[in-house]
Amino acid sequence: MKFQIKVTDKDSSARAGKISTTRGEIETPVFMPVGTVGSVKGVSTGDLEEKINAPVILGNTYHLYLRPGLEVLKEAGGLHRFMGWNRFILTDSGGYQVFSLTEKRKLSEQGAVFSSHIDGSKHLFTPENVVDTQRIIGSDIMMAFDECPPYPSDYRYAKKSMELTHRWLDRGLNHFKSTEPPYANDQSIFPIVQGSIYHDLRKESAEFVAGKNCHGNAIGGLSVGEPVDIMYEMVSLVNQYLPADKPRYLMGVGTPANILECIALGVDMFDCVMPTRNGRNGTVFTSEGVINIRNKQWQKDFSPIDPAGTTGYGLKYSKAYLRHLVVAGEMLGPIIASIHNLAFYLWLVSEARNKILSGEFNLWKNQIVKKLAQRL
RNA sequence: GGGGAGAUACCAAAGCGGCCAACUGGGGCAGACUGUAAAUCUGCUGGCAUAUGCCUUCGGAGGUUCGAAUCCUUCUCUCCCCA
């Protein structure tokens with residue numbers, strides 16, 4: 001994997017770059033739609049390519065391991081072939097499930113034992129077998145196995161957790177180096193910075209991670225409930241220590257405003273369930289602000305979803321029609337909302353890229369962030 | 001013509017003397033959602049104040065009772081069965 005920075009913004013830490021592998025290219029900054037179980041919920045791969053123009057999507061090791069399972073994925077020839085997607089796939093390692101399924105797992109030095117949320121069966125995830133699983137999935141970028149500690153976590157817990165994640169990282173990287181990609185595509189692994197909201201831990205973790213000299217680096221454990229200013233502070237701090245010539249991936253973030261602010265802090269890659277999950281639940285992101293399309297005020301508003309034309313979908317359908325579909329419980333409603341929101345997110349990061357390239361990023365960002373945060 | 005059942009808030013449907021401004025579901029209105037156990041979850045849904053409160057409600061009218069959606073009388077309407 002190569003990462004090339006085209007332009008670094010003069011007023012901020014934002015960069016416009018390009019990731020290249022044998023798979024193809026990803027222009028950064030980039031937003032990656034989340035497709036946990038081999039499906040970006042409600043959105044076909046054709047729409048991901050044509051309507052959304054996403055170069056990369058996420059899969060989830062924990063969920064794919066449980067279903068369809070490794071045998072199916074192996075026989076299918078990997079997740080790309082299984083789901084009919086030729087562009088990049090990044091897989092999360094299951095570290096987030098250590099956080100979100102906290103009731104159903106037990107941590108030890110060795111790894112995490114999960115009780116399957118599907119049938120209750122027990123499964124051990126280790127830094128090593130999580131690499132193996134991601135090999136079988138065939139993701140272009142795999143994530144190291146980590147613990148995403150909850151917020152708030154006290155200092156002692158955060159330190160212990162971070163140190164465990166570091167030890168797991170060393171084990172995972174060793175295993176990664178001693179194994180080969182099973183399919184034609186290259187595979188990279190990204191380590192993850194932890195440390196909760198503690199400055200010294202974040203610094204220590206970022207330095208530790210930076211020392212591994214991987215192709216890219218991730219920031220985890222944020223947007224788990226902490227105030228947004230603290231999140232920005234942590235991102236800013238960590239980015240001082242993560243190498244500037246490698247892509248930086250902020251995991252799980254976030255709102256359109258979060259993404260622009262973190263681009264300004266030097267982040268290149270983002271993913272979030274927000275455009276799809278919130279879209280399914282009636283929230284629509286537009287260049288004018290955030291809309292709850294279920295609200296009565298849109299009942300007779302026949303203007304396009306996003307009149308600015310940020311997405312084709314945003315022009316094609318009216319607010320009134322989308323409201324009707326969502327309120328009526330028609331499956332097309334959540335589908336249109338998801339496609340539009342994803343297309344909007346992809347528009348947002350590509351516009352950010354254009355502004356970085358033309359030297360107008362900071363000005364543009366400060367103007368648009370205010371709009372995007374508005375509720376209409 | 002004979003016999004029976006029933007009328008409760010936007011709809012459906014509980015309640016059958018005080019704990020009822022009235023269970024529950026739907027609908028309606030709003031909110032939450034950040035590396036997806038989520039096409040999910042939460043709140044409100046008679047009026048006014050909006051903590052405790054006050055006022056008008058359970059087909060209409062009248063009555064019994066300290067007290068009625070709940071008991072009695074009567075009227076109106078609906079449904080079912082038999083001829």
Side-chain angles (χ1 to χ4, degrees), chain A residues 31-43 56-64 66-67 89-105 114-120 130 134 139 141-151 165 190-194 218-228 231-232 235 249-259 261-262 267 269-285 290 292-299 323 325-338 341 345 375:
Chain A
F31 178 80
M32 308 180 283
V34 179
T36 307
V37 293
S39 151
V40 176
K41 293 189 192 302
V43 184
V56 47
I57 62 174
L58 255 69
N60 183 279
T61 304
Y62 169 81
H63 288 281
L64 290 167
L66 287 183
R67 199 163 52 190
I89 293 176
L90 181 152
T91 41
D92 183 35
S93 59
Y96 187 74
Q97 280 61 45
V98 172
F99 160 75
S100 68
L101 301 178
T102 172
E103 304 296 308
K104 296 195 170 297
R105 55 73 174 167
F114 287 95
S115 296
S116 160
H117 66 280
I118 299 166
D119 63 6
V130 156
Q134 292 178 99
S139 48
I141 300 169
M142 65 173 79
M143 301 304 301
F145 193 50
D146 66 330
E147 182 196 358
C148 176
Y151 176 84
T165 290
F190 285 16
I192 303 171
V193 175
Q194 290 292 351
I219 307 166
L222 293 176
S223 66
V224 288
E226 78 285 2
V228 71
M231 176 172 88
Y232 293 153
V235 170
Y249 165 31
L250 178 56
M251 305 183 77
V253 172
T255 66
N258 290 162
I259 287 172
E261 294 295 358
C262 291
V267 175
M269 302 164 70
F270 301 87
D271 78 281
C272 192
V273 302
M274 198 174 277
T276 44
R277 179 189 287 168
N278 291 27
R280 284 196 304 282
N281 296 330
T283 300
V284 176
F285 297 96
V290 181
N292 184 341
I293 201 66
R294 294 192 317 260
N295 288 179
K296 197 183 188 99
Q297 62 169 312
W298 313 114
Q299 187 179 39
R323 175 181 193 272
L325 293 176
V326 170
V327 166
E330 283 295 313
M331 62 194 287
L332 185 58
I335 291 173
I336 291 175
S338 296
N341 282 347
Y345 267 62
R375 293 198 64 99

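Quantities reported herein were computed from a predicted structural model and do not represent experimental measurements. Residue numbers begin at 1 in each chain, while the letters A, B, ... track the order of the sequences.
A gap of 32 Å separates the P atoms of B/G2 and B/A9, to the nearest Å. Across B/A7 and B/U70, the matching P atoms stand 11 Å from one another, rounded to whole Å. One C1' atom belongs to B/U56, the other to B/G47, and the distance between them is 8 Å to the nearest Å. Of the P atoms belonging to B/G62 and B/A68, the separation is 14 Å, rounded to the nearest Å. Between B/U74 and B/G3, the two P atoms lie 15 Å apart (nearest whole Å). Look at the P atom in both B/G15 and B/U57: the space between them is 24 Å, to the nearest Å. Taking the C1' atom of each, B/C19 and B/U76 are spaced 34 Å apart, rounded to whole Å. For the P atoms, the distance from B/A83 to B/C23 is 44 Å, rounded to whole Å.
Looking at heavy-atom distances under 4.0 Å, A/Asn281 makes contact with a base. Here A/Leu58 lies in heavy-atom contact (under 4.0 Å) with sugar-phosphate atoms only. A/Arg67 comes within 4.0 angstrom of nothing in the nucleic acid, heavy atoms only. Within the nucleic acid shown, A/Val327 comes within 4.0 Å of sugar-phosphate atoms alone, with no base atom in reach, counting heavy atoms only. Backbone-only contact: A/Asn295 has heavy atoms under 4.0 Å from sugar-phosphate atoms and none from a base. Residue A/Glu103 is classed as having no contact, given no heavy-atom separation below 4.0 Å to the nucleic acid. Among the heavy atoms of the strands lying under 4.0 Å from A/Arg323 are primed sugar atoms or P, OP1, OP2 only; no base atom is included. Heavy atoms of A/Asn60 sit under 4.0 angstrom from primed sugar atoms or phosphate atoms, though from no base atom. When heavy atoms are screened at a 4.0 angstrom cut-off, A/Gly221 is found touching base atoms of the nucleic acid. A/Ser338 comes within 4.0 angstrom of nothing in the nucleic acid, heavy atoms only.
Distance alone, capped at 3.5 Å, places no donor-acceptor pair between the A/Thr61 side chain and the A/Gly94 backbone. Between the A/Asn60 side chain and the A/Tyr62 main chain, a donor and an acceptor come within less than 3.5 Å of each other. Under the 3.5 Å distance criterion, the side-chain polar atoms of A/Arg105 are left unmatched by any main-chain donor or acceptor of A/Ser100. Under the 3.5 Å distance criterion, the side-chain polar atoms of A/Thr165 are matched with a main-chain donor or acceptor of A/Glu147. When atom types are taken as modelled, the side chain of A/Asp271 and the backbone of A/Gly252 share a donor-acceptor pair closer than 3.5 angstrom. Between the A/Arg280 side chain and the A/Ser338 main chain, no donor and acceptor come within less than 3.5 Å of each other. A distance-only check finds no donor-acceptor pair linking the side chain of A/Asp146 to the backbone of A/Gly221 [under 3.5 Å].
Residue-to-nucleotide proximity on RNA chain B shows that, of A/Met143 and A/Gln299, the 5′-proximal contact is made by A/Gln299. Mapping A/Met331 and A/Asn278 onto RNA chain B via the closest heavy atom, the residue that lands nearer the 5' end is A/Asn278.
Across all strands shown, B/C79 forms a Watson-Crick or G-U wobble pair, both distances under 3.5 Å, with B/G4. The base-pairing partner of B/C58, taking Watson-Crick or G-U wobble contacts with both distances under 3.5 Å, does not exist among the strands shown. Under the Watson-Crick and G-U wobble criteria, each requiring two contacts below 3.5 Å, nucleotide B/U42 is paired to B/A30. In a base pair of the Watson-Crick type (N1 to N3 plus N6-O4 or O6-N4) or a G-U wobble (N1-O2 and O6-N3), with each distance short of 3.5 Å, B/A22 is matched with no nucleotide. Across all strands shown, B/A9 forms no Watson-Crick or G-U wobble pair with both distances under 3.5 Å. Under the Watson-Crick and G-U wobble criteria, each requiring two contacts below 3.5 Å, nucleotide B/C71 is paired to B/G63. Pairing for B/C48 is with B/G53, a Watson-Crick or G-U wobble pair whose two hydrogen-bonding atom distances lie under 3.5 Å.
Note that the first and last nucleotides of RNA chain B, 5' to 3', having any atom under 4.0 angstrom from a heavy atom of chain A are B/G28 to B/U40.
In this structure, A/Ile192 and A/Met143 have side chains that are in contact, with non-hydrogen atoms separated by less than 4.5 Å. Two residues are said to be in side-chain contact when any heavy atoms from C-beta on lie closer than 4.5 Å; A/Met251 and A/Phe190 fail this criterion.
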